[in-house]
2 protein chains.
Amino acid sequence: MAPAAGNVAHMSEAVIDDEVAVLLDAVDQRYTTGRRRLVAALQEGVGPLTINEISATDENLPQSSIYRNLAVLEEAGVVTRIVTNDDFARYELAEKLTAHHHHHLICTACGIVVDFELDGRVERTLDQALAGAAKEAGFTPMDHRLDLLGLCRDCQ
Amino acid sequence: MAPAAGNVAHMSEAVIDDEVAVLLDAVDQRYTTGRRRLVAALQEGVGPLTINEISATDENLPQSSIYRNLAVLEEAGVVTRIVTNDDFARYELAEKLTAHHHHHLICTACGIVVDFELDGRVERTLDQALAGAAKEAGFTPMDHRLDLLGLCRDCQ
DNA sequence: ACCTGAAATGAGAATGATTGCCATTTTAAA
DNA sequence: TTTAAAATGGCAATCATTCTCATTTCAGGT
C-alpha cells in the first residue's frame, strides 16, 4: 500500500509510479519506458482516453504497443478499460491508483467522457441496493458502473 | 401512448406490437415480417441479446437483415443497444415499451446480462444526484445506466 | 562492461464484428 | 394490376483490435 496520504486530493505522480511498478512486478511484468509513457498519458487526460487520443498525446508510441501494453496494464490492475456506446474502447488509471471512486458523464453526440463523483451517502445507498439485487439473482457482486448519458457543453 | 394499463406487470405482446407499429410509423418505416420476428425474439430473451443469440433463436433471420433492422428499430426508439465489456453488442426492447426502468447484472466471466430493478426511493435519490453532477459539468442529462459487474450463478 | 536467454518492441498481416453495396423481392397506394 | 419506393439478403468492404515474428532491449550472472 502507498504511505498514508493525509488529505491530499491526488496521489503524487511519483507515488502512482511506485504503485504501478509494484502492480506490474506482482504479475511478473517490467515497467518499461513505453509503459511509463502510457501511464503518463493517462494521467494527463481529464477522463478515459481512446487509443487515438493516446496516440495523439504521445507521437512516439506505436499503435501495436499501445494496445499490447494497455492489455498488460489492465491485467496488472493499473488501468481500467471502459466501453461506452461508440466504437472505441477507452482507458483510465485504475481507481486503486487515483484513490477516487468515480463515474462517467458520457456525451452521446461526440463521445467525450468526463469523470464525476457521487456523494458518499448516495454511493452507500446505491451499494446496498446493488448488493441486494445481486443476491436475489445469485450474482456475486464485484464492481459497479454508473454512467450518465447526455450532451456535453459543446454539443447541446 | 398505450391505453392505461392498471397494475399489470407487463404490457401484453399485442399492445407492444401496436406501440412498435406507431414508433416505426413515426419515422416512416414499415413494420415488416422480419422486424416483427426481431421484436418477438427480443421479447423472449431474459435480458439483452447478442446478434448471435438472436440468430440462434430464429434461424430464418439473415445476419445482414438483423443488423440493418436493429439499427432501424433503435432509430425508431423500439430497441436499445447495450454495450457491455465483451466484443458483442446486445439489444433489448426499449424501456418505453416494457414499462420497466431497469439495470443490468453483467457476468464478467461468461458475458450474460440479466435485468434487475432498483427500489423507487433509491432510483430517485440517484436521479437527483446525477442531475446535480450533470449540471456542475455543463451536461444536459438524458439518461443513465447502472450496471453491476460480477459473477453469475454458473460462473462463480 | 560483456554475455545470454528471456521479455518487450514495432511494423505489418490477420481476425472478426459490423457496415455498405446492389441486384432481387416485397410492399403500399393509385 | 401497375408501379415506384422500400426492404431484403448474400456477399464484399471497413476498421478497431489482435496476432505474428524478426529485431531490440533488458536483467542478472560473470
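Predicted model only: the values in this text are computed from it and were never measured.
- Comparing Arg81(B) and Thr33(B), the nucleotide of DNA chain C nearest to each residue sits closer to the 5' end for Arg81(B).
- Taking atom CZ of Arg90(B) as the reference point, atom P of dT18(C) lies 11 Å away to the nearest angstrom.
- Considering only side-chain N and O atoms, Arg68(A) lies nowhere under 4.0 angstrom from the phosphate OP1 or OP2 of dA8(C).
- For Leu61(A) and Ala89(B), each mapped to the nucleotide of DNA chain C holding its nearest heavy atom, the one lying further toward the 5' end belongs to Leu61(A).
- Under a 3.5 Å cut-off, the side chain of Ser65(B) and the backbone N or O of Leu61(B) do not form any donor-acceptor pair.
- Residue Ser65(A) places at least one side-chain N or O closer than 4.0 Å to OP1 or OP2 of dG10(C).
- Counting to the nearest Å, the P atom of dT14(D) and the CG atom of Asp87(A) are 16 Å from each other.
- Between His103(A) and His144(A), the two ring planes are parallel [angle under 30°; tilted spans 30° to 60°].
- Between the OH atom of Tyr91(A) and the C1' atom of dT17(D) there is a distance of 9 Å, given to the nearest Å.
- Considering only side-chain N and O atoms, Tyr67(B) lies nowhere under 4.0 angstrom from the phosphate OP1 or OP2 of dT19(C).
- Applying the 4.0 Å criterion to OP1 and OP2 of dT9(C), one finds that Asn69(A) has a side-chain N or O inside that range.
- Among the heavy atoms of the strands, none lies under 4.0 Å from Ala71(A).
- Of the possible polar contacts, none joining the Arg81(A) side chain to the Glu74(A) backbone as a donor-acceptor pair under 3.5 Å is found.
- For the pair Ser64(A) and Asn60(B), nearest-nucleotide mapping onto DNA chain D gives the more 5' position to Asn60(B).
- Distance Asp86(A) CG to dC15(D) C1': 14 Å, rounded to the nearest Å.
- Under 4.0 angstrom from either OP1 or OP2 of dA8(C) there lies at least one side-chain N or O belonging to Gln29(A).
- Glu19(B) places no side-chain N or O within donor-acceptor distance of the main-chain N or O of Lys96(B), the cut-off being under 3.5 Å.
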Could you go through Gln43(B) and Ile16(B), starting from their C-alpha distance and side-chain angles, then the distance that decides it, and tell me whether this counts as side-chain contact (heavy atoms from CB on, under 4.5 Å)?
CA-CA 10 Å; Gln43(B) 254 173 323; Ile16(B) 289 186; 3.4 Å; yes

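- Atom CG of Leu24(A) and atom C1' of dC26(D) are 15 Å apart (whole Å).
- Atom CD1 of Ile66(A) and atom P of dA11(C) are 12 Å apart (whole Å).
- Protein atom CG of Asp58(B) is 15 Å distant from nucleotide atom C1' of dT8(D), rounded to whole Å.
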